[in-house]
S.K.: 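To start, I am sharing the structure in question, which I have written as structure tokens.
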Amino acid sequence: MERNERLILVASGTLMGVFLILLVYSGLGLSVVVPTCVTDVAPFTGGKVEQKGIGQYDVYLVSRMWFFDPGEIRVPPGSDINLYLSSLDVTHGIYIEGTNVNLMAVPGSVNFARVRLEREGVYRIFCHEYCGLGHQNMAGKIVVAREASAVSDANLAPAGR
Amino acid sequence: MQGTNFTVDRTHRWAALVLVVVATTLLVLGIYHGLLQVLYRAGWIRAASFLGLDYYQGLTLHGVVNAIVYTTFFEVAFGYVVITHFLRVPLDARVTSLAVGLMLVGTVMAAVPILLGQASVLYTFYPPLKASPWFYLGASLLVIGSWIPFFQWIAAYLRWRRLHPDRDTPLAVVGMLATFTVWLIATIPLAVEVLVLLLPWSLGWTASVDVVLARTLFWFFGHPLVYFWLLPAYVMYYVMVPPLVGGKLFSDKAARLAFLLFIVFSAPVGLHHQYADPGVSSSYKWLHGIFTFCVAIPSFITAFTVAASLEHGARQNGGQGLFGWWAKLPYLDEQRYLFAYAFPGLVLFLFGGITGIVNASVTMNNVVHNTAWVPGHFHTTLGGPVFLAFLGLSLWMLTELGGKPLRLPRWNVVVPYLWAAGVILFSIGLSVAGILGEPRRTNLALSYSNPESPLFQRHWELWTQLGAVGGVLMTAAMVIYFAVFFSTLLAPAQQVAELRFPTAEPLRHESLGATRNFTPWVVVAIIFLIIAYAPPLVEVLGGNTVPSPPYHPFSPVPLTK
């Protein structure tokens, strides 16, 4: 093999090594959470929002053909949300705009992510996996607003952009 | 063109021609539904269906025809040509006919339920959405039909090695055998998914299917699949392109190393399609992410070696200076049109490779998973170097094997550049929209790109429209291509069918060492596969998941017998 060939081999190997180090840093240093598994048991079969403490919420988000339960989640700004995602029928998926939350809702299993929402406003949740006839209309939202302010959605700016 | 003349025997000439002509005819359907996708998404068609086929049915056709049928048909045809031309070992005509017959029957069997709306499950199958059993059976026959040629070629290769113990295997043969080794590894888990899980479940023999297991098996297939698509394009780049530009292959050994590294690293990477999935531990996802970074390296080698070969050829033709030699390449040469079908693909692949590394990065994938970014990515890989190489080589097989003079040669060399321009606009549109959150596989016309819908997303609009403009340009390129292909097909045959296969000479002859044999690389591949897949499969089979009954895409009520 020619000298430049060997050089490009070493250079590309080094480049991927640098990417790998940066990747590990993003995971450990920046604490970006990669989806992991939990077993499929109650309470993951019905949608609900539970307050666990001040600014601490457990959200059980259930996806079904073709809506999310609950369709709207309300929390105050700066809340930490433990999000448990499950599906009661076919495979769905969610992306919460403006966040790093991107999860598959696979029937028979529960997905998990933790997210902190600082800014007031509406964060749309889009179903991003083909789930049949009504897929394109399947969307939910998280409304981040102070409890006292009885604002309607129309007054709230999109927060996830 | 340089190269040796050899008339491929009648059976294999016909087999290759039938496969290429049928594949290109079906491609009309695949391209039409590609155009419809962008028109729906941009709201130019604001409906659930158009001319009797609905959006998701068209999306299924687009994926199945373009990504499975067209590619597999083309590659079996090209493989027969490479093996018979370079090894000159006779193959059994009856076995070849059986293989081609199975592929044709399987394709019809799968196409009918899709057209009848009984298999709108996309090419990724997506259980617990259920398709007609004929769809699964047809897909299986197509795959099994494509295994048969590989076994013929292995036997021919072993025989050739015995007859020529001191010769190095021709590079094109190494490339096609590597391609089908990757295909065989990939399609075994697919066969398990379809024959053990989906077909009995679709027939009602089993009540439920483990969706996490099905997804894991599918993506065990789904990523090596992309190297099955890519490697024949690399055969064209390494073997056919250097003589077209008047040069030699910069390093024969690097090319062989690249093909062999794909055997090793193409399969233990499938979980990178499941980074966002539950049911699989994140430590296994990280492991597959690292393997995915490894599989980038043979593509880096290819980028260097092919570019160096182009530079060498251009300098032979008087190219000067650091960049001046770029002017000496035959970009629009009507005789050497295969170069036009290679070059824009190489440029597109720069974008495809880098966006692919983004997808492979476990954490960054959170931003792009299942968004429009992903089709933006793979239209610069599958829709870039792979598709352009297949288009050019299909035309080449038609003229060389059919003895047909190329019609519309001036239009022909414009096709790849117009296509690439379209792909660039399309991919920029989809990639940016994807980062903004736009989902893939979604009929946006009815909601997110509809100003009258409460779900309307104004900030996606510009990028979705740009994607549509790119899609229209891509379609225009394909209209020209079909005109070239079918007018050439209908032209009367002129010369005796003979094969002029441009074949690169290596710049220097060197000892091949470990790249001379397949065995050590296949053994390492199997070891890596076990390391990468045994733990997650044990986990998935460990009963952490609840199996699902079947569903029809139109109803939230499960189907029960």
S.K.: With a 4.5 angstrom heavy-atom cut-off, which part of B/P298 approaches chain A: side chain, backbone, both or neither?
M.R.: neither
S.K.: Does one side chain, of A/H135 or B/T442, offer a donor that lies under 3.5 Å from an acceptor on the other?
M.R.: yes
S.K.: Could you tell me which portion of B/L507 (side chain, backbone, both or neither) has an atom closer than 4.5 angstrom to a non-hydrogen atom of chain A?
M.R.: neither
S.K.: How long is the span from the NE2 atom in B/H369 to the CG atom in A/N100, to the nearest 0.5 Å?
M.R.: 13.5 Å
S.K.: Tell me, yes or no, whether the heavy-atom count around A/R64 atom CZ, taken from other residues, nucleotides or ligands under 6.0 Å, exceeds 12.
M.R.: no
S.K.: Given a strict heavy-atom distance threshold of 4.5 Å, which part of B/S548 is in contact with chain A: side chain, backbone, both, or neither?
M.R.: side chain
S.K.: Which one wins on heavy-atom pair count under 4.5 Å against chain A: B/L122, B/V121, B/L59, B/I301?
M.R.: B/L122
S.K.: What distance separates B/E438 CD from A/Y95 OH, expressed to the nearest 0.5 Å?
M.R.: 12.5 Å
S.K.: Between B/Y56 and A/G132, what is the shortest heavy-atom contact and its length?
M.R.: CE1-O, 4.0 Å
S.K.: What's the verdict on side-chain contact (heavy atoms from CB on, under 4.5 Å) for B/Q457 and A/R124, showing C-alpha distance, side-chain angles and the deciding distance?
M.R.: CA-CA 10 Å; B/Q457 302 292 317; A/R124 288 267 183 199; 3.9 Å; yes
S.K.: Just checking A/R114: does its CZ atom have more than 12 heavy atoms from other residues, nucleotides or ligands closer to it than 6.0 angstrom?
M.R.: no
S.K.: Between B/V368 and chain A, which part of the residue has a heavy atom less than 4.5 Å away: side chain, backbone, both or neither?
M.R.: backbone
S.K.: Testing the basics here: between B/L455 and A/Q136, what is the closest heavy-atom pair and its distance to 0.1 Å?
M.R.: CD1-O, 4.2 Å
S.K.: Please report whether the ring centroid of A/W66 lies less than 6.0 Å from that of B/F554.
M.R.: no
S.K.: Do B/Y448 side-chain atoms and A/F126 backbone N/O form a donor-acceptor pair below 3.5 Å?
M.R.: no
S.K.: Can you tell me which of B/P439, B/P128, B/G437 forms the most heavy-atom pairs within a distance under 4.5 Å of chain A?
M.R.: B/P128
S.K.: Do B/N366 and A/T99 have side-chain heavy atoms sitting under 4.5 Å apart?
M.R.: no
S.K.: Distance-only, no hydrogens or angles: does the A/N111 side chain make a donor-acceptor pair with backbone N or O of B/A276 under 3.5 Å?
M.R.: yes
S.K.: Can you tell me which portion of B/F293 sits under 4.5 Å from chain A's heavy atoms? Options are side chain, backbone, both or neither.
M.R.: both
S.K.: Go through the atoms of B/N365 and report whether side chain, backbone, both or neither lie under 4.5 Å from a heavy atom of chain A.
M.R.: backbone
S.K.: Which heavy atom of B/W286 sits nearest to which heavy atom of A/L23, and what is that distance?
M.R.: CH2-O, 3.8 Å
S.K.: What part of B/P454 is in contact with chain A, defined as an atom under 4.5 angstrom from a non-hydrogen atom: side chain, backbone, both or neither?
M.R.: backbone
S.K.: Given the rule in the side-chain contact (heavy atoms from CB on, under 4.5 Å) test, do B/N370 and A/M104 qualify, once you have shown the distances and angles that lead to the verdict?
M.R.: CA-CA 9 Å; B/N370 254 359; A/M104 298 302 298; 3.6 Å; yes
S.K.: Measure across A/L88 and B/Y551 and return the closest heavy-atom pair with its distance rounded to 0.1 Å.
M.R.: O-OH, 3.3 Å
S.K.: Does any heavy atom of chain A fall under 4.5 Å from the side chain of B/S511, the backbone, both, or neither of them?
M.R.: neither
